[in-house]
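So that the names make sense, note that chain A is the first sequence line, chain B the second, and so on, each numbered from 1.
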2 protein chains.
Amino acid sequence: MANIKDVAKRANVSVATVSRVINNKGYVNEETRMLVEKAIKELNFIPNEVARSLYKKVSKSIGVIFPHLSNPFYYYVLEGIEALAFEKGYKVIICNSNEDKSREEEYINQFIKYNIDGIIIGSNSSLNARYIELNIPIVSIDRIIHDDVPSVTSDNITGGYLACKKLIENGCKSIVHFRGPSILLTVKDRSLGFNKCLEEHGLTCYQVDLAFINPEREIIATFLKEHEEIDGIFCDSDLIGAVVLSELNRLGRKVPDEVQVIGYDNNPLCSLLTPALTTISQNMFEIGKEAMLSLNTIIEKMELKDKHKTIPVELVERESTKKLVG
Amino acid sequence: MANIKDVAKRANVSVATVSRVINNKGYVNEETRMLVEKAIKELNFIPNEVARSLYKKVSKSIGVIFPHLSNPFYYYVLEGIEALAFEKGYKVIICNSNEDKSREEEYINQFIKYNIDGIIIGSNSSLNARYIELNIPIVSIDRIIHDDVPSVTSDNITGGYLACKKLIENGCKSIVHFRGPSILLTVKDRSLGFNKCLEEHGLTCYQVDLAFINPEREIIATFLKEHEEIDGIFCDSDLIGAVVLSELNRLGRKVPDEVQVIGYDNNPLCSLLTPALTTISQNMFEIGKEAMLSLNTIIEKMELKDKHKTIPVELVERESTKKLVG
DNA sequence: AACTAGAGTGGAAACCGTTTCATTTTTTAT
DNA sequence: ATAAAAAATGAAACGGTTTCCACTCTAGTT
């Protein structure tokens, strides 16, 4: 690999001049510039970004830490991040913390070692105070980890509210909320909205806690068997919704005529299920884009007006819900 | 941020000694080591990997380029890559080429600029000869891009064969193969195996070409409507399988009694469908792991015995297939 | 003619580690 | 006691780039 010295030698100039040419900065005679450019081409020279980053302490790359990649939510967010990052000239380094806090911290350390310009983190654990002190630009997704750390979250309260409203308006009387892990803020918020609406109508509901990604089929099956009166179901993820639909089908309960089901996320899977799943759509691409936008703002030391952004949700109606007449 | 000089000053030693301590290399007196370690802790010193990488020309990180992340296949592969990479101390940089060859090349250039140690690429386009000349360790996934570039592919030929065998053994007479984009090697290979088995039984089948990720529902619907005689369906992805099941359901055709369906990938989605989808399982995690293993072997300049690895597949039987009696 | 501003260029320091080599001190073997 | 080997340490070079500063030269101003 040719380096800047080789180019300088070949073009019969100093390295400083070559640097000025590649960075388009400072005075360079037009003829000299041509000479240098010719040498660059001939030697197939690519400036070494590591050396550059060493000097400038800026790497034009950002780190993303997600608890797992197998949750569709994250990769749609990722596509949003990537889209804007690419546009702004940032490389994206993606790491998988596996929900493991120590691994998360190890990755943050790596990022620091690599002069990373900023971090987007989708974490369920709270951030070590050390990192806030370090003053690296960080944006959190789907959770507010610290008042000083900007965040982008989905409007989970409204999400829960909308789902509940739809079920009640559709005539459901006996409702269950299959929730995700109740430690999560997102889950808490959805419950908040859901229960608020319930309350407004003088109703209550069952609550069952499940895993997000691999929902426990037996718990769902047992609950549904023991509660034949259930006619409205809200699930905290479409994956839970899919299992619920599958179990209802097994039990011979008709959806949406006997039971109505609403999922969460608007996973592409929804329209593949039978019946297609009504769901709360999170604009994941937008979440990613906004997070990257916030991050860019902090990196460039501009003022961030909206420290904690909330992205609106909407209900997407498919075949698993239906307004019951009478 | 403290640097190695600050540590040296604080511990009253030279930077060389500090370097020896952090790298655990060369002679260091036990007492001195303690002193240095104390200073490191006090100053919260984290060695700058950029400087390190500049000198050593090794970055302990690898780049992964995938055409998109929204295909579940890729993120399971990714988890395999990550698992081994983490173990071996590599950071993983993931890039999304969006099937765009120029973006792919841009990312490879970035990787070079960053002294990346190796690249795993899941590409549909053939690799520019330049990169092979550059002699960076590269491993390709799901495709053989060059005889000299090691690869890890799934045993697609056997996958196609197994699917066909199952359909025929189960009593299917009129078979259709809903294929992915026929430019892809994977798709070609599956057809190869599938048709071989067909031939062995003196049969032929329909072939319909579709997109992998967002299969065209109308094409599938039209075909199924026009071909009521179909009793066996092989799909090149589970997503295609899901749409097929949904359309069959809409047409009132019973699965598996009237039509049998086999998908491909063993996407978690399979067990959520009704009926649960029989599929050819690709061990994606294993593919990722093996790719990382090959890459590590080349990076460390050890001999790679198996240049082109093939990962076995297996048929996972669920509810969408059934041995017909009589 | 003397003076100044700006164009054009190169030398060298800086970024932050690693490594080589030389030197000193300690230990072991004879 | 002495030579030889091993342990411990620091000075300095190195990696590839950017940038500051100093310098030369030309053109324009009084």
What is the separation between atom [atom1] on [X] and atom [atom2] on [N], rounded to the nearest whole Å?
X	N	atom1	atom2	value
B:Lys57	D:dG15	NZ	C1'	7 Å
A:Lys56	C:dC16	NZ	P	15 Å
B:Asn29	C:dT27	CG	C1'	13 Å
B:Asp6	C:dG17	CG	C1'	13 Å
A:Lys9	C:dG10	NZ	P	14 Å
B:Lys25	C:dG17	NZ	P	16 Å
A:Asn24	D:dT18	CG	P	12 Å
A:Asn23	D:dT17	CG	P	10 Å

Any B:Ser19 side-chain N or O less than 4.0 Å from OP1/OP2 of C:dG17: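 So the side-chain polar atoms of B:Ser19 never come under 4.0 Å of the phosphate oxygens OP1 or OP2 of C:dG17.
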
OP1 or OP2 of D:dA8 under 4.0 Å from side-chain N/O of B:Tyr27: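 Checking D:dA8 against B:Tyr27, no side-chain N or O comes under 4.0 Å of OP1 or OP2.
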
Touch check for [X], heavy atoms < 4.0 angstrom, all strands: base, sugar-phosphate only, or nothing?
X	value
B:Thr17	sugar-phosphate
A:Thr32	sugar-phosphate
B:Val13	sugar-phosphate

5' precedence on DNA chain C between B:Val18 and A:Tyr55 (nearest-nucleotide basis):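 Its nearest nucleotide being more 5', the pick is A:Tyr55.
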
B:Tyr74 and B:Phe66 aromatic centres sub-6.0 Å: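 Aromatic pair counts; centres sit under 6.0 Å.
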
Heavy-atom neighbours of B:Met1 CE exceed 12 at 6.0 Å: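 Result for CE/B:Met1: enclosed.
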
Within 6.0 angstrom of B:Lys60 NZ, more than 12 heavy atoms from elsewhere: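 Yes, because the 6.0 Å sphere around NZ of B:Lys60 holds more than 12 heavy atoms from other groups.
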
Given [options], identify the nucleotide with an atom nearest to the side chain of [X].
X	options	result
B:Ala16	C:dG17, C:dT19, C:dG10	C:dT19
B:Ile4	C:dT18, D:dT17, C:dG11	C:dT18
A:Asn48	D:dT19, D:dT17, C:dG17	D:dT17
B:Asn3	D:dG10, C:dG17, D:dT9	C:dG17

A:Asn115 side-chain N/O to A:Ser59 backbone N/O, donor-acceptor pair under 3.5 Å: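 No; judged by distance alone, with no hydrogens or angles, the pair does not exist.
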
A:Asn156/A:Ser154 under side chain to side chain donor-acceptor pair (under 3.5 Å): CA gap, chis, key distance, verdict: CA-CA 5 Å; A:Asn156 286 295; A:Ser154 194; 4.8 Å; no

Polar side-chain contact A:Arg20-C:dG10 base: donor and acceptor under 3.5 Å: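 Pair found.
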
Toward the 5' end of DNA chain D, by each residue's nearest nucleotide, A:Glu49 or B:Val15: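 So the residue in question is B:Val15.
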
